[in-house]
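What you are looking at is a predicted structure, and each value in this text was computed from that prediction instead of being measured.
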Amino acid sequence: MQTLKFTELNLSNEILKAVQDMGFEEATPIQTLAIPKMMSGSDIIGQAQTGTGKTAAFGIPILEKIDAKNKNVQAIILCPTRELAIQVAEELKLLSKYKKGLNIVPVYGGQPINRQMMALSKGAQIIIGTPGRVIDHLERRTLKLDQASTVVLDEADEMLDMGFRDDIELILKSIPEQRQTVFFSATMPKEFLFLTKKYQKHPETIKVVNEKLTVPLIEQFYFDVREHQKLEALTRCLDMYDPQLSLVFCNTKKRVDEVTASLQARGYSADAIHGDMNQSQRDRVMAKFRSGSIELLIATDVAARGIDVDDVEMVFNFDVPKDDEDYVHRIGRTGRAGKTGKAYSFVAGKDIYKLRDIQRYTKANIKRISVPSLADVENIKTALLMEKVKEAMQDEKDNEKYVRMAESLISDDVTSLDVAAALLKMAVDADKREQEEKADVFAKQQSAGYSNTGARDRGMTRLFISIGKKDGVRAGDFVGAIAGETGLPGDVIGNIKILESFSFVEVPSEHADNVINALNSSNIKGKRVSVEPAKESAGAVRHEDSGGNRRGDSRGSGNYRHDHYGRKRFNQQGR
């Protein structure tokens with residue numbers, strides 16, 4: 001179909017300027033179809049996959065119709081997961097940056113509810129939330145929807161598969177009947193069609209068929225590594241392949257900052273770009289990248305959309321992207337203008353299933369290869385050193401002083417060849433010692449895992465966390481905090497035991513370092529926490545509660561339900 005430019009969609013100057021800042025000129029098919037119909041007030045059924053630009057498709061019309069002077073909730077967007085809610089909120093904030101007086105508040109589980117209550121008390125025109133947390137706020141009367149005129153269900157089929165139908169209906173009944181109701185869904189199951197008939201009025205259907213994007217000039221590889229090995233594996237690749245310009249993609253802004261800081265500390269010419277940076281900051285970073293004054297750009301998907309550089313040699317997926325199309329867009333940053341490129345993904349644990357989905361979608365052969373060994377890196381560095389020596393030999397004038405120094409070492413028993421060999425050996429050995437130190441760390445990470453922590457299940461590490469019943473903490477708070485801070489899926493989190501003053505949580509051993517580091521710099525239930533590997537005796541003898549309860553107490557009770565992808569999600573008190 002023929003798409004339109006954003007300038008052809010009768011948008012305000014504020015929105016057009018924000019869209020331009022984000023690097024967009026032409027609307028996607030779903031945006032071309034949905035924006036005019038939503039602006040007219042019609043109810044919409046949109047069938048589109050994630051990654052087609054549907055957030056802007058419903059977000060732009062909502063932003064255009066909001067009355068900034070009215071501080072009541074005028075629009076609510078429901079999402080199946082906290083990750084999607086955060087993503088939608090971030091994109092709407094970017095789109096509304098020039099709209100004065102707008103307040104967008106995301107509400108989701110895993111974040112302290114008091115913080116959300118405070119944000120809501122200041123007035124918010126747009127709410128983006130997960131069904132369970134929205135219900136919590138409705139029941140507490142901290143959220144009122146009696147003046148909402150637009151409701152959007154994003155990924156409605158997934159919400160239904162996760163068991164949110166009752167919550168969705170309760171929320172819809174809390175909104176005035178005179179409203180615009182918009183449903184976006186990848187599929188059209190019976191439950192979905194039932195909701196459209198019950199809650200929509202003469203809806204217009206928009207369907208966009210996903211086009212499979214191809215990347216024929218890009219060689220694609222992946223490394224099977226543990227989470228905490230990724231940084232070392234990345235640096236090995238950079239040392240081995242020595243790309244002039246390369247992109248490193250992470251799934252979160254926090255991860256971008258962490259990876260950038262780690263690379264800079266190791267001496268790599270790297271900088272970051274993500275949504276928390278203002279436009280002038282992003283422009284400065286991009287100017288440095290285009291000019292080659294930085295060789296590594298670490299980015300999130302949203303921030304990277306405006307990146308258009310023809311000479312990117314390699315793309316590294318530090319995190320496997322959540323969406324198939326994000327993968328295509330990421331690796332498509334290399335292999336441009338008829339050039340070839342390479343893409344490498346670091347796959348940890350259950351990410352392998354996501355990679356298989358990506359392979360099916362792209363119909364590409366993504367080859368598994370080994371992380372470059374120390375010997376590989378040493379051979380490459382030795383070859384580079386020899387090239388530098390050859391270049392230095394060409395400059396006879398600057399070498400005069402060193403020629404005299406070499407001559408002073410030559411005697412009846414020592415030849416010039418002996419001196420050259422000794423100097424080369426010193427240079428190579430110095431670099432080798434540095435690599436061996438890195439290898440020791442890498443080997444320890446490979447074989448480490450925490451032993452004697454009292455974990456019930458093999459391959460799990462039991463963590464001690466310094467809050468418990470007296471702090472009002474529940475199992476869902478731990479699941480939400482770990483998932484939110486590390487991106488670790490809730491279904492891989494094991495046994496949770498909540499005692500009076502502290503708690504124990506089991507996580508996969510390969511992710512233990514990441515969880516410890518993330519939680520030690522975060523809050524749970526508004527309280528700063530201390531996290532460390534548990535001692536076996538602490539859990540097994542001294543601190544075990546008499547009932548041996550998995551979840552501690554009634555405040556930690558709950559169950560798991562499976563989402564659309566077969567993953568288990570913690571259902572706190574039935575939500």
Practice prompt. List in chain and number order the residues that pass side chain to side chain donor-acceptor pair (under 3.5 Å) with K525, two or more places apart in sequence or in another chain; answer none if no residue qualifies.
Written response: none

Item to complete: Check side chain to side chain donor-acceptor pair (under 3.5 Å) between D154 and all other residues, then give those that pass, not counting sequence neighbours.
Response: K54

Worksheet entry | Main-chain N/O of H137 paired with T142 side-chain donor or acceptor, under 3.5 Å | yes

Worksheet item: Are more than 12 heavy atoms from other residues, nucleotides or ligands located less than 6.0 Å from atom CG of N10?
Response: no

Worksheet entry | Interatomic spacing from CD1 in I104 to CD in E91 - rounded to 0.5 Å | 11.0 Å

Worksheet, complete the sentence: For Y353, the ring-ring contact (aromatic ring centres under 6.0 Å, His included) test, sequence neighbours excluded, returns none

Fill in: SB check K497 E506 (cutoff 4.0 Å)
no

Fill in: Pairs meeting criterion salt bridge (charged side-chain N to carboxylate O under 4.0 Å, His left out) with involvement of residues 186-200, two or more places apart
R165-E191, E169-K198

Fill in: Close side-chain approach of T181 and I175, heavy atoms under 4.5 Å
no

Discussion item. If the condition is side chain to side chain donor-acceptor pair (under 3.5 Å), which residues does E227 pass it with, not counting sequence neighbours?
Written reply: K230, R255

Worksheet item: Do R133 and Q111 have side-chain atoms, one donor and one acceptor, less than 3.5 Å apart?
Response: no

Worksheet item: Does any non-hydrogen side-chain atom of L33 lie less than 4.5 Å from one of K207?
Response: no

Discussion item. So for atom NZ, which belongs to K144, do other residues, nucleotides or ligands contribute more than 12 heavy atoms lying within a distance under 6.0 Å?
Written reply: no

Worksheet entry | Pairing residues for N103 by the side chain to side chain donor-acceptor pair (under 3.5 Å) criterion, not counting sequence neighbours | none

Practice prompt. Kindly indicate whether the side chain of Q116, heavy atoms from C-beta on, has any atom under 4.5 Å from the side chain of D136.
Written response: no

Practice prompt. May I ask you to test the E155-T81 pair for a side-chain heavy-atom distance under 4.5 Å?
Written response: no

Item to complete: Mark yes or no for whether D471, through its side chain, and V473, through its backbone, hold a donor-acceptor pair below 3.5 Å.
Response: no

Worksheet entry | Rounded distance (nearest 0.5 Å) linking atom NE2 of H274 with atom CG of D257 | 3.5 Å

Discussion item. Rounded to the nearest 0.5 Å, what separates atom CG in L16 from atom CD in Q20?
Written reply: 8.5 Å

Discussion item. Taking the basic N atoms (NZ, or NE/NH1/NH2) and the acidic carboxylate oxygens, is any pair closer than 4.0 Å for D357 and R360?
Written reply: yes

Discussion item. Is it true that, when you exclude K71 itself, more than 12 heavy atoms of the residues, nucleotides or ligands shown sit nearer than 6.0 Å to its NZ?
Written reply: yes

Worksheet item: Hey, does the side chain of K65 reach the backbone of M38 with a donor-acceptor pair shorter than 3.5 angstrom?
Response: yes

Worksheet, complete the sentence: One should read off an interatomic distance between N317 CG and Y344 OH, to the nearest 0.5 angstrom, of 12.5 Å

Item to complete: Check the angle between the aromatic planes of F58 and F184 and answer parallel, tilted or perpendicular using the 30° and 60° thresholds.
Response: tilted

Discussion item. Checking T205 against Q47 for the side-chain hydrogen bond (donor to acceptor under 3.5 Å, both in side chains) test, could you report, in this order, the C-alpha distance in whole Å, the side-chain angles of both residues, the deciding distance, and whether it holds?
Written reply: CA-CA 8 Å; T205 299; Q47 186 172 5; over 6 Å; no

Worksheet item: Rounded to the nearest 0.5 Å, what separation is found between the CG atom of D43 and the OG1 atom of T150?
Response: 9.5 Å

Worksheet item: Given side chains that start at C-beta, do those of Q220 and I331 come closer than 4.5 Å, heavy atoms only?
Response: yes

Worksheet item: Hey, does the side chain of Q200 reach the backbone of I44 with a donor-acceptor pair shorter than 3.5 angstrom?
Response: yes

